[in-house]
Amino acid sequence: MTNISLLTARKGLRLGLFVQPVGQHVSGWRLTEQLGSPTDIDWLITLAKKAEAGRFDLFFVGDALATSMYRLPSTMARLEPLTMLSALAVHTRRIGLAATASTTFSDPFTMARSFSSLDHISRGRAAWNVVTSFSADVAKNFSRDDMPNHAQRYARAREFLEVAFKLWEGWQEGAVQPDKRSGQYFVDEKIQPVNHVGEHFQVQGPLNITRSPQGRPVIIEAGSSSDGQKLAAETAEVVFTAAASLEEAQAFYQSQKSQVEAAGRNPDHVVIMPGVMPIIGRTREQAKALWKELNALVDIDNGLKQLSLRFGMDMSAFPLDGPVPEVPLGEGNQSRVKLMTDLAKRENLTLRELAAVAAGSRGHRVIVGTAEDIADDFQLWLEQGGADGFNIMPAIMPEQLDLFIELVVPELQRRGLFPEAYEHATLRENLGLPVV
């Protein structure tokens, strides 16, 4: 295989903003002096404009189809992502707009039309974070008692994407050619039906919206299980992941890129972006003090609830200051369970300590330090084949986002790792992906 790390270093860093309007750290909203609301569109517009001014490639919005047992402001109430991003699209010009949407309880025609609409509204900046739902609470909101198993969910997701791609491809370039003299608006042979009949879906098509500026939205996926990596190798263009160490990140990076190549695709056309929570201070002492203050406010009971939901077992039944018990991989969120249990083994964490990590950083890596410390870390991961970029998770909004833009972005630009301006109009072009 081509030397991936050298190619990556030449391409430069990609940055996404993983948006939680009240901060990614569970305690972050308690320390901000400008507390926003997850359902205040003016607040979200403000955050999107900040991210665009900071030259982020992506403004990424997560989602869930059930309220959370954690009773956190960011998980109990949120705007529907496609609706929200359509509003943000008219207040921004260059930043990519990515929404999470599940294939488990939707249909390909509706989803393809919705994302194509966002791509039109944003003039080519839409991205779809494709997920499969895993919570039983979600199933109960869609007239089911339980969730389909892991293999069934991924089989449905694979066919779901196959149909969506066919629908997007059904409108060819040049299908719209208004001719006032002949009275013909469309070129009929450039608009093709789908006529898909499969195990999960039967869709005639064509889609009732024209080809979008990017051809189709950028596809993002986040599964690190074997099924998730296989689906990403075949269909994803951006892969979100979580890695606790450079060695772990390098192993995932090489595995995913190798599978992309084996699937007959160009590994350079799949951008891998681990999530990271930078705790930024103007000095290391300030950063460490902030991290300590955030963790002092963590509710351990909340952390145990989060672990229990992810692990599929009641973690409160085990001693808090004892070791993390063995957890079998079930039908739920397999990749995150493995990440957290591996972290506990590697760092010799007690159950209490892992619960604090789960509640605080949502299982992602934390970097505590100055802008130079964070830039050093990013440069190392980029040059050593651990990442193509990072999904940034500011602990406190907007203060930690503001510091990242004020201090970290200029340091990355000074090192030649990050562009100073958007070079293109569409998300695909800015990410270095081919137009399809």
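Side-chain atoms are counted along with the backbone in the values below, which use heavy atoms only and exclude waters and symmetry mates.
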Handout entry: P398 side chain near K50 side chain, heavy-atom distance below 4.5 Å
Key = yes
Exercise for the section: Using a strict 4.0 Å threshold on nitrogen-to-oxygen distance, state whether D388 and K257 make a salt bridge. Expected result: yes
Practice task
Would you indicate whether the side-chain heavy atoms of W168 and Q214 approach each other to under 4.5 Å?
Solution key: no
Problem - Parallel, tilted or perpendicular: rings of F378 and F390 (30°, 60°) - result: parallel
Problem - Approximate separation, where rounding is to 0.5 Å, of L13 CG and L15 CG - result: 4.5 Å
Practice task
Check for a donor-acceptor pair, side chain of E353 on one end and backbone N or O of T350 on the other, with a separation under 3.5 Å.
Solution key: yes
Practice task
Work out which heavy atom in L44 is nearest to a heavy atom in P38; give both atom names and the distance.
Solution key: CD1-O, 3.7 Å
Exercise for the section: Would you check, one step at a time, whether the test side chain to side chain contact (heavy atoms under 4.5 Å, CB included) holds for S133 with R153? Expected result: CA-CA 8 Å; S133 300; R153 295 199 310 274; 5.5 Å; no
Problem - S102 side chain to T132 backbone, donor-acceptor under 3.5 Å - result: no
Fill in the blank from the handout: One should read off an interatomic distance between E173 CD and R211 CZ, to the nearest 0.5 angstrom, of 5.0 Å
Problem - Short side-chain to backbone donor-acceptor contact, R144 and D146, under 3.5 Å - result: yes
Exercise for the section: Kindly indicate whether the side chain of H120, heavy atoms from C-beta on, has any atom under 4.5 Å from the side chain of P213. Expected result: yes
Exercise for the section: Ignoring hydrogens and angles, state whether a donor on the side chain of H196 or Q204 is under 3.5 Å from an acceptor on the partner side chain. Expected result: no
Problem - E248 side-chain N/O to A243 backbone N/O, donor-acceptor pair under 3.5 Å - result: no
Exercise for the section: Walk me through it: do V298 and V26 pass the test side chain to side chain contact (heavy atoms under 4.5 Å, CB included)? Expected result: CA-CA 7 Å; V298 169; V26 68; 4.0 Å; yes
Problem - Residues V131, T103; criterion side chain to side chain contact (heavy atoms under 4.5 Å, CB included); working and verdict - result: CA-CA 6 Å; V131 300; T103 60; over 6 Å; no
Practice task
Could you tell me the separation between the CG atom of L290 and the CD atom of E399, rounded to the nearest 0.5 Å?
Solution key: 9.5 Å
Practice task
Decide yes or no on salt bridge (Lys or Arg N to Asp or Glu O under 4.0 Å) for E234 and R158, but give the supporting numbers first.
Solution key: CA-CA 9 Å; E234 296 167 352; R158 182 171 280 101; 2.9 Å; yes
Handout entry: Inter-residue atom distance R123.CZ - R93.CZ, 0.5 Å rounding
Key = 6.5 Å
Handout entry: Non-hydrogen side-chain atoms of I95 and L97 separated by less than 4.5 Å
Key = yes
Handout entry: Charged tip of R365 within 45° of W381 ring normal and under 6.0 Å
Key = yes
Problem - Ring centroid separation F160 to F109 under 6.0 Å - result: no
Handout entry: Separation between CG of L167 and OG of S116, rounded to the nearest 0.5 Å
Key = 10.0 Å
Problem - Mutual orientation of the aromatic rings belonging to F18 and F60 [parallel < 30°, tilted 30-60°, perpendicular > 60°] - result: tilted
Exercise for the section: Would you please say whether a donor-acceptor pair under 3.5 Å links the side chains of N129 and T100? Expected result: yes
Practice task
For the pair S255 (side chain) and A251 (backbone), establish whether a donor and an acceptor sit closer than 3.5 Å, ignoring hydrogens and angles.
Solution key: no
Problem - Donor-acceptor contact present, side-chain D373 to main-chain T370, <3.5 Å - result: yes
Completion exercise
Here the pair of heavy atoms bringing R428 nearest to E237 is NH1-OE2, 2.6 Å
Fill in the blank from the handout: What one should report as the nearest heavy-atom pair of L354 and A344 is CD2-CB, 4.1 Å
Handout entry: Heavy-atom side-chain contact between E326 and K345 under 4.5 Å
Key = yes
Handout entry: Donor-acceptor pair, side chain of E411 and main chain of A371, under 3.5 angstrom
Key = no
Handout entry: D57 (side chain) donor-acceptor with L431 (main chain) under 3.5 angstrom
Key = no
Handout entry: Pair D119-R125, salt bridge (Lys or Arg N to Asp or Glu O under 4.0 Å): steps then yes or no
Key = CA-CA 6 Å; D119 209 36; R125 296 182 285 129; over 6 Å; no
Practice task
With the side chain counted from C-beta on, respond yes when L231 and L161 share a heavy-atom pair under 4.5 Å apart, and no when they do not.
Solution key: yes
Handout entry: A233 backbone acceptor or donor facing R265 side chain under 3.5 Å
Key = yes
Exercise for the section: Decide if atom CD of E406 counts as having more than 12 heavy atoms of other residues, nucleotides or ligands within a radius under 6.0 Å. Expected result: yes
Handout entry: V130 vs I219 side-chain heavy atoms within contact, under 4.5 Å
Key = yes
Handout entry: Step-by-step salt bridge (Lys or Arg N to Asp or Glu O under 4.0 Å) determination, E423 to R55
Key = CA-CA 10 Å; E423 298 172 1; R55 198 355 198 117; 5.5 Å; no
Exercise for the section: Show the numbers, then the answer: is there a side chain to side chain donor-acceptor pair (under 3.5 Å) between T426 and E429? Expected result: CA-CA 5 Å; T426 70; E429 291 172 302; 2.8 Å; yes
Handout entry: Neighbour count >12 (heavy atoms, 6.0 Å) for atom CZ, R415
Key = yes
Practice task
Please lay out, stage by stage, how E52 and R94 fare under the test salt bridge (Lys or Arg N to Asp or Glu O under 4.0 Å).
Solution key: CA-CA 7 Å; E52 188 168 62; R94 289 291 183 266; over 6 Å; no
Handout entry: From CA spacing to verdict: side chain to side chain donor-acceptor pair (under 3.5 Å), H25, Q400
Key = CA-CA 11 Å; H25 194 283; Q400 283 289 294; over 6 Å; no
Practice task
Give a yes or no answer on whether the side chain of W128 reaches the backbone of A98 with a donor-acceptor pair at less than 3.5 Å.
Solution key: no
Fill in the blank from the handout: Here the pair of heavy atoms bringing P278 nearest to F404 is CG-CD1, 4.1 Å
Exercise for the section: Verify whether one side chain among S225 and Q229 offers a donor that lies under 3.5 Å from an acceptor in the other. Expected result: no
Exercise for the section: For the residue pair F165 and E169, establish whether any side-chain heavy-atom pair is separated by less than 4.5 Å. Expected result: yes
Handout entry: Heavy-atom closest contact (A175 atom, I191 atom, distance)
Key = CB-CG1, 3.9 Å
Exercise for the section: Test side chain to side chain contact (heavy atoms under 4.5 Å, CB included) on E80 and L82 and set out the steps. Expected result: CA-CA 6 Å; E80 190 283 315; L82 281 161; 3.6 Å; yes
Handout entry: Nearest-0.5 Å distance, CE of residue M84 to CD1 of residue I45
Key = 10.5 Å
Problem - Heavy-atom closest contact (Q250 atom, Q384 atom, distance) - result: NE2-O, 2.8 Å
